[in-house]
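First the structure, in the form of structure tokens, and then the observations on it.
Note that ligands are numbered from 1 as they come in the structure, with each ligand's atoms numbered from 1 the same way. What you are looking at is a predicted structure, and each value in this text was computed from that prediction instead of being measured.
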Amino acid sequence: MTLTPTTSAPDDAPWWTRAVVYQVYPRSFQDSDGDGVGDLRGILQRLDHLSALGVDVLWLSPVYASPMDDNGYDISDYQAVDPLFGTLEDLDALTAALHERGMRLVMDLVVNHTSDEHPWFVESRSSPDSPKRDWYWWRPARRGMRPGQPGAEPTNWGSFFSGPAWELDEATGEYYLHLFSRKQPDLNWENPQVREAVYAMMRWWLDRGVDGFRMDVINLVSKDVAPDGSLPDGMVHDGPYGDGSPAYTCGPRIHEFLAEMHREVFAGRPDRLLTVGEMPGVTLEDARLFTDPARREVDMVFQFEHVGLDHGPGGKFDPRPLRLTDLKASFGRWQAGLADVGWNSLYWDNHDQPRIVSRWGDDGRYRRESATALATLLHLHRGTPYVYQGEELGMTNAHFTRLDQYRDIESLRHVEQARALGSATDEQLLAGLAAMSRDNARTPVQWDSSAHAGFTTGTPWLEVPPGWTVTAEAERADPASVFHHYRRLVELRHDDPVVALGDFTMLLPDDEHVYAFTRSLGGRTLLVVVNVGGEPREVDPGVPVAGEAALVLGNYADTAPLAAGPVALRPWEAGVWRL
Ligand code: ISL
């Protein structure tokens, strides 16, 4: 694969091209007051950990006032901190402490929907004549049907969390749209007052000192709320619902809205800010438009192609093994597609995805090797890497054995729906959740070997995985650990412009076991070779090596310099060499 050479010179590239972002899911990071839920003061106590890792930005999942139907992604007051997490003063203290350490704070922006307890929605629902009625999507029952009659929903769309995407409001006899839970009504972005209210709130946060936003499902805000969705063979969402996604994924006015948001919120502000749009279903073509600096929409997007590669015919809870060649084809296409215009985000884990070491690595015998191999693979791509709390420790999935251990709304609704439809046995449900539930990433961060892994002195809201052994304390004490490997990857990106900005060339695209590529900039080239499996392998990456190539980074203590010819790799061995 030949790529267009990179035009950006290292010196004028934006700061975030050489930055690494660390995501904190506050509920599970560190509890400071013994109520079993993590909080802002807990984060403040652990900033040394972030400094030791060397990350540049903290992305904080929502801490706003919320009924917590979806752990804070259902917001009832955008300008208040939920008491569960602390106070606005605690947040200011966190911002200041991060700035003192040379880090930035990126807040989560959840404006596709609010909580149904947000005053905007309370007012909207109060009457069809409410001045805020049009701030949300209200529709009468389907023509010729009675409100509440099965199938009378205005469209046949399913919600992301099982069940229909419409909820009947008995009082007014109309339905409101909720792409997520019924407690997360969708805002109507067609209404300019809604957009202005959102922009004003964003400016308020920036004025307060935060450094940008991760924008939750921001590509869903422009919608064509009319057509029924096609009924898929496989279930996109559980149950007999149509797929509405063509009507709300990157809808008709999405680029206009994001350009407007940029003008109204970000224009003229210092370029220390960072914006990243979370965009399920975004295509590469659209991502180029969203991240083209000349268009001034967002700096980068989270795309979902690679994390969908192991979804089976029955959807995400019916996973299949990853084919490495599929991952190469996908990542390779995104690297090439955003080489001349735009920018990638790189991630394995977040609060919605299972843990990478359990998903595509080996969380038993080769936990350390596979976690570091997969980290090397990802971090040496071109783009801004995101590390999710605990990923840098090689934390594993939850390994729950009972359905009653789960807390996540998506998992619980999925179980409820499957039981109602009789579409899966409890054993099948348990297997699906064990592999894919969002709770896999949400178990408490394992700090030390004390009770509940040092996360809380109380009872954690979600159990620490039974049989857990990994701890931050042990990881930080061991120079060969997953933690120190992540630290070295961060350092390498800071220090070497080839890692930040070099061109990407995929090698061995048809090999099912070894992932290999080069990065080149200004005549300097790095070769990356990763054995993605527990068997030893020998491959010839097919790039000329004159004499010996020095090792830049390996995940075995004695990974050797590289000579011409085949490379012998031990289980999950990963190496970066300078050619
Ligand atoms: O995790 C998912 C279900 O498989 C995704 O579809 C997820 O819902 C989607 O990525 C959007 O995620 C974001 O918005 C949701 C919230 O529940 C997620 O936690 C958030 O990351 C609604 O706000």
Side-chain angles (χ1 to χ4, degrees), residues 21 23-28 59-64 66-76 78 106-116 118 157-163 165 177-187 198 213-221 234-238 241 243-245 248-250 276-282 301-312 314-319 345 347-355 359 386 388-389 406-415 417-418 432-433 435-442 462:
V21 182
Q23 181 191 355
V24 168
Y25 193 66
R27 170 175 284 273
S28 306
W59 150 29
L60 184 61
S61 273
V63 291
Y64 312 97
S66 164
M68 303 290 166
D69 188 51
D70 185 16
N71 290 357
Y73 282 89
D74 49 316
I75 297 168
S76 53
Y78 288 109
V106 161
M107 298 290 281
D108 220 302
L109 177 80
V110 188
V111 289
N112 172 70
H113 42 268
T114 66
S115 164
D116 66 338
H118 193 291
W157 301 353
S159 87
F160 281 86
F161 294 157
S162 306
L177 177 69
H178 60 88
L179 293 183
F180 294 89
S181 97
R182 62 172 68 94
K183 287 186 66 63
Q184 293 167 298
D186 282 51
L187 281 166
V198 168
F213 298 97
R214 172 271 188 187
M215 304 173 183
D216 192 67
V217 291
I218 199 69
N219 67 325
L220 308 188
V221 300
M235 291 186 292
V236 171
H237 308 298
D238 302 309
Y241 301 104
D243 174 13
S245 64
Y248 57 70
T249 305
C250 298
V276 49
E278 189 218 20
M279 301 199 175
V282 69
V301 307
F302 291 131
Q303 56 95 3
F304 279 65
E305 204 173 271
H306 64 297
V307 290
L309 293 176
D310 59 359
H311 293 187
K316 105 172 216 182
F317 291 111
D318 177 27
S345 306
Y347 72 95
W348 289 136
D349 286 355
N350 58 43
H351 62 295
D352 295 334
Q353 300 293 331
R355 295 279 184 186
R359 187 182 198 171
Y386 287 71
Y388 174 70
Q389 63 184 37
Y406 288 94
R407 297 286 175 271
D408 176 34
I409 182 167
E410 184 196 41
S411 297
L412 302 184
R413 293 284 166 281
H414 167 69
V415 168
Q417 181 85 359
L433 295 193
M436 298 303 272
S437 170
R438 307 197 298 184
D439 280 340
N440 283 310
R442 299 178 180 186
L462 184 69

Just to check, does Gln353 reach to within less than 4.0 Å of ligand 1 when the distance is taken from its heavy atoms?
no
For Asp310, the side-chain contact (heavy atoms from CB on, under 4.5 Å) test, sequence neighbours excluded, returns Arg359, Trp360, Met436
Taking atom types as modelled, is there a side-chain donor on Asn112 or Asp186 under 3.5 Å from an acceptor on the other?
yes
Name the closest protein heavy atom to atom 17 (O) of ligand 1, giving the residue it belongs to and the distance to 0.1 Å.
Asp70 OD2, 2.5 Å
Going by heavy atoms, is Met279 under 4.0 Å from ligand 1?
no
Quick one: do the Gln184 and Asp69 side chains pair a donor with an acceptor below 3.5 Å?
no
Looking at Lys316, which atoms of ligand 1 are within less than 4.0 Å of one of its heavy atoms?
1 (O), 3 (C), 4 (O)
Tell me which part of Met436 gets within contact of ligand 1: side chain, backbone, both or neither, using heavy atoms under 4.0 Å.
neither
Does the protein place a non-hydrogen atom closer than 4.0 angstrom to atom 5 (C) of ligand 1?
no
Which ligand 1 atoms are under 4.0 Å away from a heavy-atom of His113?
22 (C), 23 (O)
Where on Phe161 is there a heavy atom closer than 4.0 Å to ligand 1, on the side chain, on the backbone, on both, or on neither?
side chain
Assess, by modelled atom type and distance only, whether the side chains of Asn219 and Tyr248 contain a donor and an acceptor separated by less than 3.5 Å.
no
Run the salt bridge (charged side-chain N to carboxylate O under 4.0 Å, His left out) check on Arg442 and Asp408 step by step: do they pass?
CA-CA 9 Å; Arg442 299 178 180 186; Asp408 176 34; 3.1 Å; yes
May I ask you to decide whether Lys183 forms a salt bridge with Asp116, counting only side-chain N to carboxylate O separations under 4.0 Å?
yes
Assess whether salt bridge (charged side-chain N to carboxylate O under 4.0 Å, His left out) is satisfied between Asp108 and Arg214, documenting all intermediate values.
CA-CA 5 Å; Asp108 220 302; Arg214 172 271 188 187; 2.8 Å; yes
Distance filter under 4.0 Å to Phe304 heavy atoms, resulting ligand 1 atoms:
10 (O)
Just need the protein heavy atom nearest to atom 9 (C) of ligand 1, so name the residue and atom and give the distance.
Glu278 OE2, 3.8 Å
Can a side-chain donor-acceptor contact be found between Tyr73 and His351 if the only test is distance below 3.5 angstrom?
yes
Atom 15 (C) of ligand 1 sits nearest the protein heavy atom Phe180 CE2, 3.7 Å
Got the closest protein heavy atom to atom 21 (O) of ligand 1, with its distance?
Asp352 OD2, 2.5 Å
Regarding Ser437 and Ser411, is there a side-chain donor-to-acceptor distance under 3.5 Å anywhere?
yes
How about Asp70 and Ser181: does a side-chain donor come under 3.5 Å of a side-chain acceptor?
no
Residue Val217 vicinity, atoms of ligand 1 by number, heavy atom under 4.0 Å
11 (C), 14 (O)
Can you list the atoms of ligand 1 that are under 4.0 Å from a heavy atom of Arg438?
1 (O), 8 (O), 16 (C), 17 (O), 18 (C), 19 (O)
Residue part near ligand 1, for His351, under 4.0 Å between non-hydrogen atoms
side chain
In the protein, what heavy atom is nearest to atom 20 (C) of ligand 1, and what distance, to one decimal place, separates them?
Asp216 OD1, 3.0 Å
In this structure, atom 2 (C) of ligand 1 is nearest to the protein heavy atom Glu410 OE2, 3.8 Å
Of all heavy-atom pairs linking Ala435 and Pro354, the shortest is O-CB, 3.3 Å
